[in-house]
Colleague: 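Mind looking over this structure? Questions follow.
Chain naming here is simple, since letters A, B, ... match the order of the sequence lines and numbering starts at 1 in each. Since we're looking at a predicted model, the values are computed, not measured.
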Protein chains: 2
Amino acid sequence: MTDSRIENVIGALALAFADTLQRDAQAKAPEPGPAASAITLIGHVPGLSIERLRRALSLSHSGTVRLVDRLVAEGLAARFSAPDDHRAVALRLTPLGETTCSAILSARQKGLASALAVLNQEELQEFGNLAAKLLRGLVGTEDHAYRICRLCNYTACLDCPVEAELA
Amino acid sequence: MTDSRIENVIGALALAFADTLQRDAQAKAPEPGPAASAITLIGHVPGLSIERLRRALSLSHSGTVRLVDRLVAEGLAARFSAPDDHRAVALRLTPLGETTCSAILSARQKGLASALAVLNQEELQEFGNLAAKLLRGLVGTEDHAYRICRLCNYTACLDCPVEAELA
DNA sequence: TTGATGTATATGCTCCGAGCATATATTTTT
DNA sequence: AAAAATATATGCTCGGAGCATATACATCAA
């Protein structure tokens with residue numbers, strides 16, 4: 001295969017995977033858009049501030065504040081004052097939010113697993129190794145890392161290559 | 001690596017690739033959102049109808065009509081009556097639209113190439129082969145194929161695995 | 001300590017894309 | 001020829017997103 005054809009195939013695959021991933025995740029979220037990512041990020045990093053969430057989701061200030069307003073109104077998240085910085089708001093999931101978060105993550109995982117089912121165990125390992133190598137090459141700032149991992153199932157991601165690259 | 005960790009890494013990589021891909025493409029498009037995909041799809045399939053475009057972009061009827069309205073108003077696309085079905089509208093790019101389409105595709109390709117630069121030639125081939133296998137497993141209907149290929153550089157994609165799977 | 005600058009959050013305002021319901025034209029089916 | 005299905009177009013409304021601005025707190029400088 002020529003390089004440009006390989007790039008095409010990989011780009012199309014990434015789009016298709018991201019499509020199903022986001023569709024599956026959003027189906028379990030209270031609204032379409034970045035809500036699903038917000039929930040899993042808060043679940044991943046309890047005490048996360050609105051500003052860090054904003055950067056991870058690539059939204060505006062006001063958009064993020066309103067998104068958090070909605071999550072709080074729906075009983076999924078709660079605001080606390082951050083202990084170290086009294087300007088900041090610390091976000092946490094409520095028990096209902098935790099339940100929603102688990103539903104989002106398992107839906108995401110299920111869709112991925114079925115898409116990967118056409119590979120045998122050896123191919124899956126090989127593909128995973130190359131993917132990890134590519135992922136390490138992509139990580140820039142810590143904000144970017146949060147963005148990349150915004151829908152990750154952190155309970156399943158021990159020894160995360162993104163974390164390893166940051167350190 | 002455990003299977004669930006591999007799934008995590010692949011999901012994160014797909015999200016990250018799709019992010020940069022869409023960002024690069026949208027930067028060259030007249031507006032954010034599905035406009036970039038619409039332009040490249042019309043470029044790929046001259047004479048495409050609004051209804052097929054709608055299905056490829058997963059939009060509503062009215063959303064698609066309004067999107068096409070904007071593209072026409074900006075001088076990027078043109079409506080023709082379809083020769084075979086007088087209900088349908090056939091879409092084509094104007095010369096300005098062709099230019100925009102090329103800019104979108106080359107920006108996309110550039111971003112992908114730089115992300116893939118950490119792999120050597122052998123790894124790239126291996127990754128491409130596995131990606132093609134996964135992609136073939138994902139293709140469902142013809143509408144779905146258009147959706148998957150909505151940002152593909154069709155001039156570079158001879159012997160497309162999606163087309164092969166449909167046939 | 002005090003003052004100046006930068007950072008974090010909140011809110012009023014407006015814009016614009018997206019969907020729903022509906023209308024019209026054309027094709028296909030009965 | 002009538003009925004049902006398909007393709008497009010448009011009025012209407014809703015809601016998410018950004019801009020501008022205000023407030024609170026933190027940090028740095030003198």
Colleague: Heavy-atom contacts under 4.0 Å between residues 27-44 of chain B and DNA chain C, which residues?
Modeller: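 When residues 27-44 of chain B is checked for heavy atoms under 4.0 Å from DNA chain C, the hits, listed by number, are B/P34.
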Colleague: Would you kindly say whether B/D24 and B/Q109 are connected by a side-chain donor-acceptor distance under 3.5 Å?
Modeller: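 Looking only at side-chain atoms, B/Q109 and B/D24 do not form any donor-acceptor pair under 3.5 Å.
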Colleague: Distance only, no hydrogens: is a donor on one side chain within 3.5 Å (strictly under) of an acceptor on the other, for A/N153 and B/R5?
Modeller: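 Not at all, the side chains of A/N153 and B/R5 share no donor-acceptor pair under 3.5 Å.
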Colleague: Looking at every non-hydrogen atom in both residues, tell me the closest pair between B/A131 and A/I10 and how far apart they are.
Modeller: CB-CG1, 4.1 Å
Colleague: Decide whether a cation-pi geometry holds between A/R92 and A/F80; the criteria are a distance under 6.0 Å from NZ or CZ to the six-membered ring centre and an angle within 45° of the ring axis.
Modeller: yes
Colleague: Please list, in numerical order, the residues of residues 60-69 of chain B that have a heavy atom closer than 4.0 Å to any atom of DNA chain D.
Modeller: B/H61, B/S62, B/V65, B/R66
Colleague: On a heavy-atom basis, which atom in B/R108 and which in B/C152 lie closest, and how many Å separate them?
Modeller: NH1-CA, 3.9 Å
Colleague: Just the atom pairs and distances: protein N or O near nucleotides 27-30 of chain C's N or O, under 3.5 Å.
Modeller:
from, atom 1, to, atom 2, distance (Å)
C/dT27, OP1, B/H86, N, 3.4

Colleague: Counting only heavy atoms from other residues, nucleotides and ligands, does the tally under 6.0 Å from NZ of A/K133 exceed 12?
Modeller: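 Buried by this count: over 12 neighbours within 6.0 Å.
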Colleague: Ignoring hydrogens and geometry beyond distance, is a side-chain donor-acceptor pair present between B/D143 and B/T141 at under 3.5 Å?
Modeller: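 Looking only at side-chain atoms, B/T141 and B/D143 do not form any donor-acceptor pair under 3.5 Å.
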Colleague: Check whether B/R54 reaches the backbone of B/L59 with its side chain - one donor and one acceptor, N or O, closer than 3.5 Å.
Modeller: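 Between the backbone of B/L59 and the side chain of B/R54 there is a qualifying donor-acceptor contact (under 3.5 Å).
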Colleague: What residues from residues 46-57 of chain A pass a heavy-atom cutoff of under 4.0 Å to DNA chain D?
Modeller: none
Colleague: Working to the nearest 0.5 Å, report the span between CG of B/L15 and OG of A/S37.
Modeller: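 Separation between the atoms: 7.0 Å.
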Colleague: Check this for me, if you would: do B/E51 and B/R55 make a salt bridge, where the nitrogen-to-carboxylate-oxygen distance has to be below 4.0 angstrom?
Modeller: yes
Colleague: What about B/L105 and B/L76, same hydrophobic cluster or not, with Ile/Leu/Val/Met/Phe/Trp/Tyr joined at side-chain heavy-atom distances under 4.5 Å?
Modeller: no
Colleague: Ignoring hydrogens and angles, tell me if any N or O in the side chain of A/T99 forms a donor-acceptor pair with the backbone of A/P95 under 3.5 Å.
Modeller: yes
Colleague: Looking at every non-hydrogen atom in both residues, tell me the closest pair between B/L151 and B/A25 and how far apart they are.
Modeller: CD2-CB, 4.0 Å
Colleague: Name the first nucleotide and the last nucleotide along DNA chain D (5' to 3') that come under 4.0 Å of a heavy atom in chain A.
Modeller: D/dG16 to D/dA26
Colleague: Return the set of residues passing ring-ring contact (aromatic ring centres under 6.0 Å, His included) with B/F17 (not counting sequence neighbours), or none when no residue passes.
Modeller: none
Colleague: Please give me the minimum heavy-atom distance between A/T40 and A/Y154, naming the atom from each residue.
Modeller: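 Where A/T40 meets A/Y154 most closely, the heavy atoms are O-CE2, 3.9 Å.
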